[in-house]
Amino acid sequence: MDRICTRVLLFMVLCSQSSAGEFQLIGSPDPIVAVAGDDVILPCSLEPSIDAEFLTVEWSRHDLEPTATVHFYRHGRNENDDQNPSYKDRTRLLERELVNGNVSLKLSRVELKDEGRYTCLVFKDGQKKTVIQLSVVVVSKPEVSILGGSGTGVALQCVSGGWYPEPELEWRDSEGRLLPADVTQTDRHPDPGPHQRYTVTSRVTVQKTDTNRFTCRVHLQGLNQIRETEIHVPDSLFLLKDGWTTGQIAGSTVGGVLVFAFIGATIYLWKTHGAVWWKNRTARSKDVCDSKGKQPEEAEVETRKRRRRSGQ
Ligand SMILES: *[C@@H]1O[C@H](CO)[C@@H](O)[C@H](O)[C@H]1NC(C)=O
């Protein structure tokens with residue numbers, strides 16, 4: 001009797017083990033990388049592909065407060081009364097995929113705080129789980145501006161803010177050749193929390209090329225995230241004399257304009273007023289030499305004076 005009981009027990013244990021071991025959960029050995037603002041699918045599927053439509057599926061993150069539940073599915077429907085509020089209306093299972101044993105979670109409008117370790121748990125006569133790491137990155141398009149030209153080349157500046165994690169920046173010409181930056185600086189934003197964002201600023205001095213096109217490229221190493229901006233530098237900025245900056249060019253242009261304006265004004269004044277003044281001046285000097293050149297009234301007054309003196 002004892003032996004039979006033992007055999008039955010052993011059989012039951014084996015049965016329960018084999019039924020629980022009927023499937024495996026396949027997640028992802030590598031972190032899943034999502035760009036903030038995008039949607040992402042956290043992979044999790046049964047192997048072999050058993051119909052999961054009527055299984056119980058729980059997605060959770062154990063570092064969350066007040067409840068770790070990200071998504072809960074049971075009896076053929078979602079039961080999200082106990083869902084963590086930060087995931088409200090942002091999660092769903094892929095209904096059409098469930099029959100294929102695909103219980104991946106679609107997370108919409110990813111935020112930086114979604115970064116973490118997610119557990120996919122499936123109950124079927126026992127339970128299986130797998131953990132998936134979600135990494136969230138924040139990227140932005142760089143802005144490139146021309147600082148000015150000088151004898152040594154044209155200075156360009158590139159600024160790209162709000163990155164997470166810390167990005168790398170490089171300058172390239174249109175042939176893809178790396179250009180050495182004059183200076184590159186990375187600033188950490190002062191906002192609190194574990195996800196401090198970065199702004200990167202860089203300057204480069206470029207020489208004239210066939211295309212005069214230059215690219216500022218900001219990227220996250222190993223995460224396949226690149227954002228870049230190209231700028232075209234006008235030929236004229238490369239034609240500056242040694243040691244002349246655009247400011248000096250502007251200054252000398254203004255100076256030149258002022259000199260021309262002065263000469264022009266002088267000529268104009270001479271032509272209009274100068275001729276009259278010259279005429280008056282020659283007339284007056286003639287008066288000094290010849291008193292007959294006096295005005296008629298003056299001459300008459302003079303005559304009267306003479307008559308008075310002669311005692312009339
Ligand atoms: C699960 O479904 C998603 C969305 O359709 C798909 O991208 C993914 O490849 C599927 N997983 C498997 C293992 O088929």
When you look at D182 and T205, which way does the side-chain hydrogen bond (donor to acceptor under 3.5 Å, both in side chains) test go after all the steps?
-> CA-CA 7 Å; D182 299 335; T205 305; 2.6 Å; yes
What closest approach, in Å, do [X] and [Y] show between heavy atoms, and which atom pair accounts for it?
X	Y	result
N102	C44	OD1-O, 3.6 Å
Y198	T186	CD2-CG2, 3.8 Å
Q83	D89	OE1-N, 4.4 Å
A181	V204	CA-CG2, 4.1 Å
V200	P167	CG1-CG, 4.0 Å
N212	T209	N-OG1, 2.8 Å

Run the numbers on W171 and S202 for side-chain hydrogen bond (donor to acceptor under 3.5 Å, both in side chains), then give the verdict.
-> CA-CA 9 Å; W171 292 94; S202 182; 2.9 Å; yes
Please round to the nearest 0.5 Å and tell me the distance separating atom [atom1] of [X] and atom [atom2] of [Y].
X	Y	atom1	atom2	answer
R61	I132	CZ	CD1	13.5 Å
I26	S49	CD1	OG	11.0 Å
R90	N84	CZ	CG	9.5 Å
W163	L169	CH2	CG	9.0 Å
T215	I231	OG1	CD1	10.0 Å
Q225	Y164	CD	OH	14.0 Å

Look at the side chain of [X] and the backbone N and O of [Y], then say whether any donor-acceptor pair between them is shorter than 3.5 Å.
X	Y	value
T67	D82	yes
T229	P142	yes
R92	N78	no
Q207	T152	yes
S28	D30	yes
K128	F23	yes
D39	K106	no

With respect to L134, which candidate in L105, V33, L42 satisfies the side chain to side chain contact (heavy atoms under 4.5 Å, CB included) definition?
->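 Single side chain to side chain contact (heavy atoms under 4.5 Å, CB included) partner of L134 among L105, V33, L42: L42.
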Sole candidate of L94, V57, L121 that passes side chain to side chain contact (heavy atoms under 4.5 Å, CB included) when paired with V103 | V57
Which is it for D38 and R109 under the salt bridge (Lys or Arg N to Asp or Glu O under 4.0 Å) test, yes or no, and what are the steps along the way?
-> CA-CA 5 Å; D38 287 359; R109 302 181 302 279; over 6 Å; no
Kindly indicate whether the side chain of [X], heavy atoms from C-beta on, has any atom under 4.5 Å from the side chain of [Y].
X	Y	result
F214	V233	yes
I32	V40	yes
V136	E111	no
W59	T119	no
S104	L93	no
H195	E115	yes
R77	E79	yes
L25	V122	yes

Does [atom1] in [X] sit with more than 12 non-hydrogen atoms of other residues, nucleotides or ligands closer than 6.0 Å?
X	atom1	answer
R197	CZ	no
K129	NZ	no
N224	CG	no
E230	CD	yes

Is there a path of hydrophobic side-chain contacts, each under 4.5 Å between heavy atoms of I, L, V, M, F, W or Y residues, that connects [X] with [Y]?
X	Y	value
L220	I226	no
F72	V70	no
V159	I146	no

Using the side chain to side chain contact (heavy atoms under 4.5 Å, CB included) rule, take F54 and K124 through it: C-alpha gap first, then chi angles, then the decisive distance, then the call.
-> CA-CA 10 Å; F54 293 98; K124 183 182 182 300; over 6 Å; no
Which class fits the ring pair Y118 and Y87: parallel under 30°, tilted 30 to 60°, perpendicular over 60°?
->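 Ring orientation of Y118 relative to Y87: perpendicular.
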Cationic N near anionic O, under 4.0 Å, D63 to R117 = no
Answer yes when R172 and E170 have at least one side-chain N-carboxylate O distance shorter than 4.0 Å, and no when they do not.
-> yes
Do S160 and S140 meet the criterion of a side-chain donor-acceptor pair at a distance under 3.5 Å?
->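 Yes, S140 and S160 have a side-chain donor paired with an acceptor closer than 3.5 Å.
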Evaluate salt bridge (Lys or Arg N to Asp or Glu O under 4.0 Å) for K208 paired with D235, printing each intermediate quantity in order.
-> CA-CA 8 Å; K208 189 171 157 33; D235 243 352; 2.7 Å; yes
Verify side chain to side chain contact (heavy atoms under 4.5 Å, CB included) between Q157 and V144, making sure each step is shown before the conclusion.
-> CA-CA 6 Å; Q157 177 169 275; V144 182; over 6 Å; no
